[in-house]
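Throughout, numbering of the chain's residues begins at 1 and tracks the sequence. In listed order, ligands and their atoms are each counted from 1.
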Amino acid sequence: MVSGMVGAGTALSAVLLSLLAVPAQAVPAHGPAPAKARAVEGAPTAARAAAQATKPAPDVAGLRQVLRTALAEGAPGAMARIDDDGRVYKVAEGVADRATGRAISTDDRFRAGSVTKSFSSVVLLQLVGEGRIALDASVNSYLPGLLPDDKITVRHLLSHRSGLSDYTDEMFDKTVPGFEAVRNKVFTLQELVDLSLKKPLRNEPGAAYAYSNTNFVVVGQLIEKATGRSVAAEYRDRIIKPLKLNDTHYVHPDAAIPGRHTKGYLTPDEAGAPLVDSTRQTASWAQSAGAMISSPRDLDTFFSALFRGRLLPADLLTQLQQWTPVNSTQGYGLGVRRRDLSCGTSVYGHTGTVQGYYTYAFTTKDGKRSITAVANTSNNGDVLNAMAGALESAFCGKTPKPAARSAAPAEVHEDIAPGIARD
Ligand code: REX
């Protein structure tokens, strides 16, 4: 079913085997063959049929090549799952566990990092829909005295325009020592905000986009204040249970990933130093900004449901898509990213980076085609850039040109705190 898998063995032999493996086609895991799928969907209008006819099929061979490039750049394993209107493609290369040589699988859970921000945003926007929070109200009106400027609004937090500094810049200045110092720590949300407030605001509230984990820690505080419950309970009752996301867990401060999962391997700053198994951690430094555990199926389901309008009323889904420019090909909405691809298609979702895991989870405007692509390493800009090619393969239906990849390093730092990803 999952092609490109390798048998048990040493990590090295598994990686070599996967690189040498006969390229097997990705097989739809379930659902009808494409021609039938369109027929079964039933009597599309002429316009819809025309739109479908022009929508390129995913380039599965290209996707496999993207994953292999990630392995060649240093990831022990990489995998991706595309959910295309009922048709599923699964591709996996390399290992989930370097010690046992177990092949990575698209059924593996992983740490989804900042994709958590999209979950936090949905919960907060639902509270807006219920009249419990107002998007343009001052954060301090709900959390008196918390922030140094009353002009910072809820919307500024969700769109990274508050100016609040990102406490992770300093925390992870030195990658492995920074990680080991917090791996087992348990922070309160307030402690994380306090770390940020040691630094002045980076810009006037609302004036500029400046990515900061602090924004979504404060979003977590707002959720807890408005509901009187933990963010974990709100994620569970508002998103995880209704969408039956059985692989999605917010276990903070537990350090273990429940169930079947890929290990994560952090790349040290020192060239040639061995990867560090970073699987176990409290992820307390991230919490409502990045502590979610999920699977490719669940993230595809989540973003698909969001853009099909199943989580938010139409007016709030519109608000979520008010884009602040990030660079010439990216925008940030309210807890979601927009990426404009080379073929003219824009896709919507989020990226994630926690120690040992890189994630891309994106969907189309209509929510009908989604991809989640994961590599089980981090702090490796070459792997991050290679994995960006998964979006081109999934949505543009063609193999990313090497030139496109070599042009990409400029975007590694695009809105990740300075020094977060290596060159
Ligand atoms: C923390 C350090 C990165 C990672 C970070 N992660 O801010 C948040 C996230 C939760 O997912 N953000 C991404 C570490 C970028 C997003 O929004 O897409 N790097 C690593 C270092 C660098 O320690 N010195 O690469 O694992």
SB check [X] [Y] (cutoff 4.0 Å):
X	Y	answer
Lys90	Asp107	yes
Lys198	Glu170	no
Arg102	Asp97	no
Lys174	Glu180	no
Asp247	Arg297	yes

Per-residue contact class, [X] against ligand 1 - non-hydrogen pairs under 4.0 Å:
X	answer
Ser114	both
Tyr211	side chain
Leu266	side chain
Trp285	side chain
Lys174	neither

Any pair with a residue in residues 283-330 that passes ring pair (Phe, Tyr, Trp, His ring centres under 6.0 Å), sequence neighbours left out, goes on the list, sorted by first then second residue, please.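 Non-adjacent pairs meeting ring pair (Phe, Tyr, Trp, His ring centres under 6.0 Å): Phe119-Phe302, Phe172-Trp285, Phe307-Tyr348, Trp323-Tyr348.
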If I apply the N/O under 3.5 Å rule, does [X] come out as touching ligand 1?
X	value
Thr353	yes
Ala289	no
Tyr358	no

Within 45° cone of Tyr332 ring axis and under 6.0 Å: Arg338 NZ or CZ: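 The answer is no; the distance or angle limit is not met.
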For atom 25 (O) of ligand 1, which of Asn379, Asp169, Val176 has the closest heavy atom?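 It is Asn379 that holds the nearest heavy atom.
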Which of the atoms in ligand 1, numbered in the order shown and given with their element, are less than 4.0 Å from a heavy-atom of [X]?
X	value
Ser378	20 (C), 25 (O), 26 (O)
Gln355	26 (O)
His350	17 (O)
Gly352	11 (O), 18 (O)
Asn213	5 (C), 7 (O), 8 (C), 10 (C)

Heavy atom of Met171 under 4.0 Å from ligand 1?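 Judged by the 4.0 Å heavy-atom criterion, Met171 does not count as contacting ligand 1.
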Min heavy-atom dist Gly178 to ligand 1 below 4.0 Å: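 False for this residue.
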Hey, is the main chain of Leu143 close enough, under 3.5 Å, to the side chain of Gln221 for a donor-acceptor pair?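 Pair absent, no side-chain N/O of Gln221 close to backbone of Leu143.
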Who pairs with Ser120 by side chain to side chain donor-acceptor pair (under 3.5 Å), at least two apart in sequence or on another chain?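 Counting only residues at least two positions away or on another chain, Ser120 forms a side chain to side chain donor-acceptor pair (under 3.5 Å) with Tyr235.
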Would Phe216 and His160 count as a ring-ring contact (aromatic ring centres under 6.0 Å, His included) here? Give the steps. CA-CA 9 Å; Phe216 281 81; His160 291 296; 5.3 Å; yes
